[in-house]
Amino acid sequence: MPSAPVSLPPLPLLHERVSGWYAEAGRTHLPWREPDCSAWGVFLSEVMSQQTPLSRVEPAWREWMRRWPTPADLAAAPPGDAVRAWGRLGYPRRALRLHEAATVMVQRHGGEVPSTPEELLALPGVGAYTAAAVSCFAFGIPEVVVDTNVRRVLARTLEGKAFPNPTLNRAEMVLAAESMPADRDTANTWNVAVMELGALVCVARGPRCDDCPVADLCAWNVAGRPAYDGPPRRGQAWHGTDRQVRGELLRRLREAHHAVPLSGLEDSADDRVQVMRCLDSLVADGLVEPLSRSRYRLPA
DNA sequence: CACTCGTGGAG
DNA sequence: TCTCCAAGAGT
């Protein structure tokens with residue numbers, strides 16, 4: 001059970017303040033927030049935004065929507081085109097899963113994005129967050145949408161903690177569900193508004209409590225913003241990791257628009273054994289296609 | 001549950 | 001410079 005403060009902020013007031021703030025300060029101009037944006041556009045934005053800042057997502061999203069305006073358009077393209085168009089958004093397996101998801105939409109959903117969380121969860125690359133977000137933002141279904149921003153805002157306002165624990169647990173989902181407005185439309189607005197508050201004001205480093213609409217209601221702020229004291233949050237190693245080498249290999253294959261000989265890849269890192277291991281893992285993931293034992297390309 | 005999987009901007 | 005971390009998912 002989360003250690004809730006002695007008195008929780010009155011939820012209706014919290015809802016009103018956060019939603020009011022969103023109407024004033026939210027990035028309502030983002031293309032996937034336009035009322036006429038298709039469900040496919042919303043779906044695409046959610047997958048692209050997994051672990052990638054929106055500022056980098058928007059240009060790629062516009063290009064993808066211009067090129068593949070429907071699931072069928074993407075499904076008809078070679079998966080390698082999706083991987084190349086993914087560019088430097090990071091975690092390129094997301095591009096592959098997006099292509100697979102588009103294929104499933106064509107094969108089993110009449111070329112449409114499914115609307116229920118259950119159907120969405122069955123799609124590759126879609127987890128609890130994305131399923132809830134697409135249901136809510138594209139179809140107006142008031143699911144419990146919990147991402148890193150929501151987790152942080154709730155940890156602070158309701159639990160009085162600087163950060164949530166490293167892993168999302170059941171108690172947190174219950175807390176998020178209980179903090180939602182009962183009314184459908186109000187709940188949908190709350191979902192996007194609280195997420196936006198976490199993205200713009202209640203940020204991880206250097207939260208701008210002076211600009212926060214609920215600073216006077218926030219358990220963490222009222223308590224004097226005590227430092228995080230939970231279990232250590234693991235950092236992300238980078239230099240010398242397989243991720244770095246995989247990234248370098250894929251960068252070369254993206255930029256070459258034809259098959260690349262092994263000689264053009266093997267110096268992607270100092271350790272040749274590591275390079276070959278990473279190349280094999282990219283092939284196993286379906287991100288790279290071996291034409292022979294010595295020529296590689298993005299999958300056709 | 002703990003770990004892996006890219007990339008780049010901010011402080 | 002270096003650390004942190006971002007609309008997470010899959011194993």
Side-chain angles (χ1 to χ4, degrees), chain A residues 22 26-27 30-33 41-61 83 86-98 100-101 120-138 143-154 162-170 172-173 176 191-200 202-208 228 231-254 268-269 277-278 281-282 284-288:
Chain A
Y22 177 75
R27 295 167 292 184
L30 288 171
W32 50 86
R33 285 181 179 165
V42 174
F43 183 87
L44 185 56
S45 79
E46 292 302 336
V47 174
M48 284 186 164
S49 301
Q50 293 167 359
Q51 297 286 284
T52 300
L54 297 195
S55 58
R56 253 184 293 162
V57 165
E58 186 168 352
W61 183 90
V83 174
W86 193 253
R88 304 182 70 81
L89 288 181
Y91 293 150
R93 289 186 293 193
R94 288 183 291 161
L96 214 50
R97 290 175 181 145
L98 216 29
E100 295 169 11
L120 287 161
L121 264 177
L123 298 172
V126 176
Y129 163 75
T130 301
V134 172
S135 282
C136 178
F137 303 146
E143 289 297 313
V144 182
V145 180
V146 179
D147 75 329
T148 188
N149 292 306
V150 174
R151 296 187 65 210
R152 190 174 51 252
V153 171
L154 296 185
F163 292 101
N165 287 343
T167 55
L168 174 62
N169 57 37
R170 185 75 55 165
E172 232 178 312
M173 288 301 293
N191 274 338
V192 64
V194 66
M195 202 183 307
E196 187 79 337
L197 186 68
L200 298 183
C202 193
V203 294
R205 286 198 289 179
R208 297 192 274 279
Y228 176 74
R233 303 185 290 149
R234 61 186 191 284
Q236 306 169 345
W238 176 247
H239 291 286
T241 62
D242 283 5
R243 266 155 72 193
Q244 183 182 30
V245 177
R246 282 167 56 105
E248 173 62 18
L249 285 168
L250 212 50
R251 185 189 66 78
R252 296 184 184 202
L253 289 164
R254 273 198 313 267
S268 294
R277 178 176 70 241
C278 290
S281 74
L282 287 170
D285 286 346
L287 284 165
V288 172

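Just so we're on the same page: letters track the sequence lines, and every chain starts at 1.
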Quick one, A:R88 and A:R56 - any side-chain contact, counting heavy atoms below 4.5 Å?
no
What's A:Q236 touching, base or sugar-phosphate or nothing? Going by heavy atoms closer than 4.0 Å.
base
In this structure, how many angstroms lie between the P atom of C:dA6 and the CH2 atom of A:W238, rounded?
17 Å
Nearest to the side chain of A:A204, heavy atoms from C-beta on, is which of C:dA7, C:dA6, B:dC5?
C:dA6
Considering every strand and a 4.0 Å limit on heavy-atom distances, what is the contact class for A:R254: base, sugar-phosphate, or nothing?
sugar-phosphate
When rounded to the nearest 0.5 angstrom, what is the spacing between CD in A:Q50 and CG in A:L89?
11.5 Å
Contact summary for A:R246 and A:D285, nearest pair of heavy atoms:
NH2-OD2, 2.8 Å
Want to settle it: does A:G198 or A:R97 sit nearer the 5' end of DNA chain C, counting the closest nucleotide to each?
A:G198
Can A:R233 be said to sit on top of A:F163's aromatic six-ring, NZ or CZ under 6.0 Å from centre and within 45° of the ring axis?
yes
In this structure, how many angstroms lie between the C1' atom of C:dA9 and the CH2 atom of A:W86, rounded?
12 Å
With a cut-off of less than 4.0 Å, is there a side-chain N or O of A:R233 near OP1 or OP2 of C:dC5?
yes
At 4.0 Å (heavy atoms only), tell me whether A:G90 reaches a base, stays on the sugar-phosphate, or touches nothing.
base
A:L123 CG to C:dG8 P, straight-line distance once rounded to whole Å:
18 Å
Judged by nearest nucleotide, the residue sitting upstream toward the 5' end of DNA chain B, A:T167 or A:S281, is A:T167
Please classify the nucleic acid contact of A:V47 as base, sugar-phosphate, or nothing, using heavy-atom distances under 4.0 Å.
nothing
Which of the following nucleotides, B:dG6, C:dC5, C:dG8, is nearest to the side chain of A:D147?
C:dG8
Contact class for A:R152 vs. all strands (heavy atom < 4.0 Å): base, sugar-phosphate, or nothing?
sugar-phosphate
Roughly, in whole Å, what's the span from CD in A:Q51 to P in B:dG9?
17 Å
Provide the distance between the two C1' atoms, one in C:dA6 and one in B:dG6, to the nearest whole Å.
12 Å
Which whole-number value in Å describes the distance from A:H239 NE2 to B:dT7 C1'?
12 Å
Taking atom P in both C:dA9 and B:dG8, what distance in whole Å separates the two?
22 Å
Is A:L89 touching bases, backbone alone, or none of the nucleic acid, heavy atoms closer than 4.0 Å?
base
Using the side chain to side chain contact (heavy atoms under 4.5 Å, CB included) rule, take A:R33 and A:V192 through it: C-alpha gap first, then chi angles, then the decisive distance, then the call.
CA-CA 10 Å; A:R33 285 181 179 165; A:V192 64; 3.9 Å; yes
Can a side chain N or O of A:T130 be found less than 4.0 Å away from OP1 or OP2 on C:dA9?
yes
Heavy atoms only: give me the nearest A:A176-A:V144 pair and the separation to one decimal.
CB-CG1, 3.8 Å
In whole Å, what is the span from the CZ atom of A:R27 to the C1' atom of C:dA7?
9 Å
Regarding A:W32, tell me which of base, sugar-phosphate or nothing describes its non-hydrogen contacts under 4.0 Å with the strands shown.
base
Under 4.0 Å, heavy atoms only, any strand: does A:P92 hit a base, just the sugar-phosphate, or nothing?
sugar-phosphate
Tell me what A:G125 touches on the nucleic acid: a base, only sugar-phosphate, or nothing, going by heavy atoms under 4.0 Å.
sugar-phosphate
Note, A:Y129 side chain near A:V150 side chain (heavy atom, < 4.5 Å)
no
Quick one: which of C:dA7, B:dT7, C:dG8 gets closest to the side chain of A:R88?
B:dT7
Side chain of A:Q50: nearest nucleotide among C:dA9, B:dT7, C:dA7?
C:dA9
For the side chain of A:R56 and the base of B:dA10, is some donor closer than 3.5 Å to an acceptor across the two?
no
Euclidean distance, atom CZ of residue A:R243 to atom P of B:dT7 [Å, nearest integer]:
10 Å
Regarding A:R234, tell me which of base, sugar-phosphate or nothing describes its non-hydrogen contacts under 4.0 Å with the strands shown.
base
For a quick check, tell me whether the side chain of A:T148 and the base of C:dG8 share a donor-acceptor pair closer than 3.5 Å.
no
If the C1' atom of C:dG8 is compared with that of B:dC1, how far apart are they to the nearest Å?
16 Å
When the distance from OH of A:Y91 to P of C:dA7 is rounded to whole Å, what number comes out?
13 Å
If I pick the P atom on C:dA7 and the same atom on B:dC3, what distance separates them, to the nearest angstrom?
24 Å
Please work out if A:P124 contacts a base, only the sugar-phosphate, or nothing of the nucleic acid, heavy-atom cut-off 4.0 Å.
sugar-phosphate
Toward the 5' end of DNA chain C, by each residue's nearest nucleotide, A:L121 or A:S45:
A:S45
Give the nucleotide from the list B:dA10, B:dG6, C:dA7 with an atom nearest to the side chain of A:R205.
B:dA10
Assign A:L54 to base, sugar-phosphate, or nothing according to its heavy-atom contacts below 4.0 angstrom with the strands shown.
base
Start with the C-alpha distance between A:L120 and A:F43, add both sets of side-chain angles, then the distance that settles side chain to side chain contact (heavy atoms under 4.5 Å, CB included), and finish with yes or no.
CA-CA 10 Å; A:L120 287 161; A:F43 183 87; 4.2 Å; yes
First encountered from the 5' end of DNA chain B, between A:S55 and A:D242
A:D242
